[in-house]
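These notes concern the structure reproduced below.
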There are 2 protein chains.
Amino acid sequence: MPKRADLSDTFCPVGRSAELLGDRAVLLILRDLFFGRRRFEAIAANTGLGPQLVSARLKLLEGEGVVERHAYQERPLRHEYRLTDKGKDLFGVLYAMRGWAERWAYREGETGGGPAMRYVHRACGADVGTATVCPGCGDLLGYGDLKGEPSPALRAEQARRAAS
Amino acid sequence: MPKRADLSDTFCPVGRSAELLGDRAVLLILRDLFFGRRRFEAIAANTGLGPQLVSARLKLLEGEGVVERHAYQERPLRHEYRLTDKGKDLFGVLYAMRGWAERWAYREGETGGGPAMRYVHRACGADVGTATVCPGCGDLLGYGDLKGEPSPALRAEQARRAAS
DNA sequence: CACAGTAACTATGATAATCATAGTGACAAG
DNA sequence: CTTGTCACTATGATTATCATAGTTACTGTG
């Protein structure tokens, strides 16, 4: 490719987000970070992306202020990556993507009846489905309010990836 | 690039969406479709993407059932592209992206005070800000419930693009 | 009827991002 | 002192992307 078009100076807010989010690798890495995977190798293994790509994207995300590099031990010096507030606020986007996929991207019965990923409202225990407002208590849902439970099929897939 | 990794068979719903949405061009084209731009040339001009890329992505979106090709006149035969229900349901994702960008992606005063894109709830007239639930009447917000008003700066940018 | 114009594309070639694979540096454990 | 772990960096083949130009099929104007 030639240098890809720069969208960071457009006034369109979707364009500005697309500059960062219009990239498979970024999306997959963010997903893993929201899932609690903070370490380089864990992210590389689960996403299936090469270390070079993971490295480049984490640097990009750090530069955008979406992710922070944090040393979790000295000797040997090791780093992990954490979402900043700006990063955590991307939850709405990923959650919307997940909702759309649950409604449209699976063949009949592929997930064995339920959603591929179930979300429960911590405060009231209700299954929220793909809603942005809790169907049980009416609260607005954000990152931290929800507890995700992968379906058996998804859990098996993650285990397979972690092994190789 | 070598063939890009295929995510369409993962059980992770974010992965499945990322297969389609993890692409700048797709995101920009969807934005334009939501904005009411249905014609090939209009989309190519406003996104700044080359006709080859626009063509390829529209075919992809059509194949995914997100977009429909529709002849709007015979002699000369001309087509336009419309969002299907599956496509319209992506509004939540684009709206979440816009919300995040409005909150985080602009420098102080860059938009002249207000948001780059203002959304008003048609039913009650309230400015919804970046909320998913109307702050005026409490209704859930979806595509069709909202009326978008680009800021002067964004409007000027779009006019500039349409001209060239 | 010839000619410019418009919409929706397709063709071509240069450039650069991606993947797969292998290798590096710093340390710990056995 | 060899093996193992983690977090990367280096290399080379492949291919998607961009910019530009060209094509097809018509319409409207002089």
Side-chain angles (χ1 to χ4, degrees), chain A residues 1-7 10 15 18-29 32-33 37-63 67-82 161-164, chain B residues 1-7 10 15 18-29 32-33 37-63 67-82 161-164:
Chain A
M1 317 169 181
K3 203 176 351 184
R4 69 189 177 188
D6 184 25
L7 302 172
T10 182
E19 175 73 20
L20 185 67
L21 300 175
D23 181 293
R24 279 181 166 61
V26 164
L27 256 15
L28 295 178
I29 290 171
D32 276 22
L33 288 169
R37 261 180 282 266
R38 295 203 245 259
R39 298 197 342 219
F40 189 96
E41 288 291 304
I43 293 170
N46 189 254
T47 57
L49 301 168
Q52 193 170 137
L53 234 199
V54 175
S55 173
R57 289 303 183 274
L58 284 171
K59 280 195 178 75
L60 174 70
L61 289 167
E62 199 189 348
V67 148
E68 267 175 357
R69 215 168 103 108
H70 186 85
Y72 66 90
Q73 65 173 39
E74 312 282 330
R75 332 200 38 79
L77 185 57
R78 291 288 148 79
H79 298 282
E80 64 177 20
Y81 295 88
R82 294 180 185 173
R161 288 181 180 283
S164 61
Chain B
M1 316 167 182
K3 202 175 354 185
R4 67 190 179 189
D6 185 23
L7 303 171
T10 181
E19 175 73 21
L20 185 67
L21 301 176
D23 182 291
R24 279 182 165 61
V26 165
L27 256 14
L28 294 179
I29 290 170
D32 277 23
L33 289 168
R37 261 181 282 267
R38 297 202 243 258
R39 300 199 338 221
F40 189 96
E41 289 290 304
I43 293 170
N46 189 253
T47 56
L49 301 169
Q52 193 170 140
L53 233 199
V54 175
S55 173
R57 290 304 183 273
L58 284 171
K59 280 196 178 77
L60 174 70
L61 289 167
E62 199 189 348
V67 148
E68 267 176 357
R69 215 167 103 109
H70 184 85
Y72 67 90
Q73 66 173 39
E74 313 282 329
R75 331 199 39 80
L77 185 57
R78 290 289 146 77
H79 298 283
E80 62 175 21
Y81 295 87
R82 294 182 186 171
R161 287 182 182 284
S164 61

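Not measured: the values here are computed from a predicted model. Lettering follows sequence order; numbering is per chain, from 1. Side chains included, hydrogens not; waters and symmetry mates left out as well; all remaining heavy atoms used.
- Taking the side chain to side chain donor-acceptor pair (under 3.5 Å) definition, one finds that Arg37(A) meets it with Asp32(A), Asn46(A), sequence neighbours left out.
- Among residue pairs with one or both ends in residues 41-51 of chain A, none qualify as salt bridge (charged side-chain N to carboxylate O under 4.0 Å, His left out); sequence neighbours excluded.
- For Arg161(B), the salt bridge (Lys or Arg N to Asp or Glu O under 4.0 Å) partners at least two apart in sequence or on another chain are Glu157(B).
- Annotation: side chain to side chain contact (heavy atoms under 4.5 Å, CB included) contacts of Pro76(B) (sequence neighbours excluded): Gln73(B), Arg78(B).
- Along DNA chain D, the nucleotide closest to Leu49(B) and the one closest to Lys59(A) are compared, and the more 5′ of them pairs with Lys59(A).
- Taking only side-chain nitrogens and oxygens, Ser55(B) comes nearer than 4.0 Å to OP1 or OP2 of dT10(C).
- One finds the CG atom of Leu61(B) at 12.5 Å from the CD atom of Glu68(B) (value rounded to the nearest 0.5 Å).
- We find that CD of Glu19(B) is positioned 13 Å from P of dA16(D), with the value rounded to whole Å.
- Distance Gln73(B) CD to dT6(C) P: 14 Å, rounded to the nearest Å.
- Atom OH in Tyr81(B) sits about 8 Å away from atom P in dA8(C), given to the nearest Å.
- Atoms CZ (Arg24(A)) and P (dA16(D)) sit 11 Å apart, rounded to a whole Å.
- The salt bridge (Lys or Arg N to Asp or Glu O under 4.0 Å) search around Arg82(B) returns Glu80(B), not counting sequence neighbours.
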Can you name the atoms? Protein N/O to nucleotides 20-30 of chain C N/O, anything below 3.5 Å, with the distance.
| unit_1 | atom_1 | unit_2 | atom_2 | d |
| --- | --- | --- | --- | --- |
| dA20(C) | N6 | Gln52(A) | NE2 | 3.4 |

Under 3.5 Å, N/O pairs linking protein and nucleotides 28-30 of chain D:
none

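- For the pair Arg37(A) CZ and dA7(D) P, the interatomic distance rounds to 14 Å; values are reported in whole Å.
- Taking the side chain to side chain donor-acceptor pair (under 3.5 Å) definition, one finds that Asp23(A) meets it with Arg57(A), sequence neighbours left out.
- The shortest side-chain heavy-atom distance between Val67(B) and Leu60(B) does not fall under the 4.5 Å cut-off.
- Rounded to an integer number of Å, the gap from Arg39(A) CZ to dC6(D) C1' is 8 Å.
- Residues satisfying the salt bridge (Lys or Arg N to Asp or Glu O under 4.0 Å) criterion with Arg69(A), sequence neighbours excluded, are absent altogether.
- Leu53(A) has its CG atom 14 Å from the C1' atom of dA16(D), to the nearest Å.
- We find that CD of Glu41(B) is positioned 6 Å from C1' of dA7(C), with the value rounded to whole Å.
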